[in-house]
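Residue indices begin at 1 and follow the sequence shown. These numbers come from a predicted model, not from an experiment.
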Amino acid sequence: QKTLDTISTPGATANQLTVSQGSLSLSKYSAYANQSVIVPQTNMLLGSYTLTAGTTEDLNINQILVNFLGAGASTTATSSLTNVYVTFGGKTTNSKSTIVSGDNSFQVNYTLAKGQSAVVNVYGSLASTVGASDKFVTKLQISGQTANSIQSVYVPSSSTYTTGQSVSVTTGVLTPQLYAVAASTTAVANSLVKVASFQFIGTGDTFTITQLVASTSLAAAGNIASIIYKI
């Protein structure tokens with residue numbers, strides 16, 4: 001200021017400012033496997049997902065799109081799917097009685113805190129008219145806004161979906177087979193003798209056995225006074 005000499009100082013780097021934005025990720029919930037069921041089914045868990053917010057800011061979720069027309073599913077099968085609803089973060093959407101083969105939109109109002117996750121479950125009822133060869137594969141898209149930067153967010157994107165579990169329709173089968181328990185090898189007149197042991201294996205459904213019928217050779221029939229079943 002007094003000598004009016006020119007001076008200079010070396011450059012100094014200031015603090016770094018990183019601009020970031022909230023994000024979402026959506027994945028199939030690994031603890032829930034593909035299902036093979038008989039119909040009808042009521043309030044069945046059709047698909048399960050995990051929604052996770054990034055660590056930058058909260059996310060305001062406002063829409064969930066559900067698409068059911070997966071591999072093997074027919075339009076007839078989709079029309080047999082009713083009373084569909086979604087649960088997430090302790091909340092439940094309204095139930096849709098009619099489902100279309102494309103996108104089914106559920107409007108929501110939910111804030112997912114940054115760094116937190118929520119399980120998103122899709123439920124529905126399957127009518128008995130669903131074909132045995134039909135298969136539902138749920139697909140999900142979720143959208144919302146970042147809480148602070150007010151930016152639109154879609155997962156996985158605005159035009160794609162995350163694929164969840166598949167639900168196949170099957171029929172119940174009851175299979176009888178010889179049980180590995182030794183039968184009596186000798187018989188004494190006027191005595192009760194174990195002649196055979198069987199077991200029934202049910203798959204795909206629960207069965208109620210209402211009748212048992214035994215048959216024997218014509219030669220032995222005259223020597224059998226009675227047949228008793230012990231279950």
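- Residues passing the side chain to side chain contact (heavy atoms under 4.5 Å, CB included) test with Ile150 are Gln145, sequence neighbours excluded.
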Requested in this report: Show the numbers, then the answer: is there a side-chain contact (heavy atoms from CB on, under 4.5 Å) between Val37 and Leu126?
Outcome: CA-CA 10 Å; Val37 301; Leu126 301 176; 4.3 Å; yes
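- Between Lys28 and Gly164 the shortest heavy-atom distance is CD-C, 3.4 Å.
- Residues Glu57 and Ser149 bring a donor and an acceptor atom of their side chains to less than 3.5 Å of each other.
- Note that OH of Tyr179 is 8.5 Å distant from OG of Ser197, once rounded to the nearest 0.5 Å.
- When side chains are defined from C-beta on, Val169 does not count as touching Ile38, because their heavy atoms never get closer than 4.5 Å.
- Within the model, atoms CG of Asn148 and OG1 of Thr56 stand 10.0 Å from one another, a figure rounded to the nearest 0.5 Å.
- Expressed to the nearest 0.5 Å, how far NZ of Lys114 lies from CG of Leu59 amounts to 11.5 Å.
- For Gly22 against Thr146, the heavy-atom pair with the smallest separation is O-CG2, 3.7 Å.
- Checked against side chain to side chain contact (heavy atoms under 4.5 Å, CB included), Ile227 has the following partners two or more places apart in sequence or in another chain: Ala214, Ile224, Tyr229.
- A distance-only check finds no donor-acceptor pair linking the side chain of Asn83 to the backbone of Ser125 [under 3.5 Å].
- Taking all atoms of both residues into account, the shortest heavy-atom contact from Ala53 to Ala113 is CB-O, 3.5 Å.
- Linking ILVMFWY side-chain heavy atoms closer than 4.5 Å, directly or via other members, places Leu24 and Tyr154 in two distinct hydrophobic clusters.
- Residues Val66 and Val86 have side chains in contact (heavy-atom distance under 4.5 Å, counting atoms from C-beta outward).
- If you take OG1 on Thr206 and CG on Leu174, they are separated by 11.0 Å, rounding to the nearest 0.5 Å.
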**Report entry** Trace of the side-chain hydrogen bond (donor to acceptor under 3.5 Å, both in side chains) decision for Asp58 with Thr111
**Finding:** CA-CA 7 Å; Asp58 297 348; Thr111 299; over 6 Å; no
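- With values rounded to the nearest 0.5 angstrom, Asn109 atom CG is found 7.5 Å from Asn60 atom CG.
- Inspection of the Ser36 and Ser168 side chains reveals no N or O donor paired with an N or O acceptor under 3.5 Å.
- Checked by atom type and distance alone, the side chain of Tyr32 never pairs as donor or acceptor with a backbone atom of Asn121 at under 3.5 Å.
- Residue Ile231 holds its CD1 atom at 13.0 Å from CZ of Phe198, rounded to the nearest 0.5 Å.
- Counting only distance, with no hydrogens or angles, the side chain of Gln41 and the backbone of Ala127 share no donor-acceptor pair below 3.5 Å.
- With hydrophobic clusters built from ILVMFWY side chains whose heavy atoms lie under 4.5 angstrom apart, Leu51 does not share a cluster with Val119.
- A single hydrophobic cluster is seen to contain both Val39 and Leu45, as judged by linkage of ILVMFWY side chains at heavy-atom distances under 4.5 Å, directly or through other members.
- Shown here is Asp103, whose CG atom has more than 12 heavy atoms of other residues, nucleotides or ligands within 6.0 Å.
- Side chains of Met44 and Val167 form a contact here, defined as non-hydrogen atoms less than 4.5 Å apart.
- Within the structure, ring-ring contact (aromatic ring centres under 6.0 Å, His included) contacts touching residues 84-118 (residues at least two apart or in different chains) are Tyr85-Tyr123, Phe88-Tyr110.
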Query - CA sep, side-chain torsions, deciding dist, call: Ser23, Gln21, side-chain hydrogen bond (donor to acceptor under 3.5 Å, both in side chains) - result: CA-CA 6 Å; Ser23 61; Gln21 178 182 318; over 6 Å; no
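- The two residues Ser166 and Val137 come nearest to each other via the heavy atoms CB-CG2, 3.8 Å.
- Val108 is listed as a side-chain neighbour of Thr93, based on a closest heavy-atom distance under 4.5 Å.
- The minimum heavy-atom distance linking Ile99 with Leu81 is given by the pair CG1-O, 3.4 Å.
- Leu140 is not listed as a side-chain neighbour of Tyr161, based on a closest heavy-atom distance of 4.5 Å or more.
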Requested in this report: Would you check, one step at a time, whether the test side-chain hydrogen bond (donor to acceptor under 3.5 Å, both in side chains) holds for Thr138 with Tyr49?
Outcome: CA-CA 10 Å; Thr138 59; Tyr49 301 80; 2.8 Å; yes
Query - side-chain hydrogen bond (donor to acceptor under 3.5 Å, both in side chains) assessment of Ser97 paired with Thr82 - result: CA-CA 5 Å; Ser97 58; Thr82 59; over 6 Å; no
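- Looking only at side-chain heavy atoms (C-beta outward), Lys230 and Lys194 stay at 4.5 Å or farther from each other.
- Between Thr175 and Gln177, the side chains place no donor N or O within less than 3.5 Å of an acceptor N or O (distance only, hydrogens not considered).
- Annotation: side chain of Ser143 is not in contact with side chain of Val153 (no heavy-atom distance under 4.5 Å).
- In this structure, Phe68 and Val122 have side chains that are in contact, with non-hydrogen atoms separated by less than 4.5 Å.
- The minimum heavy-atom distance between Ser105 and Gln63, with the atom names listed, is OG-OE1, 3.0 Å.
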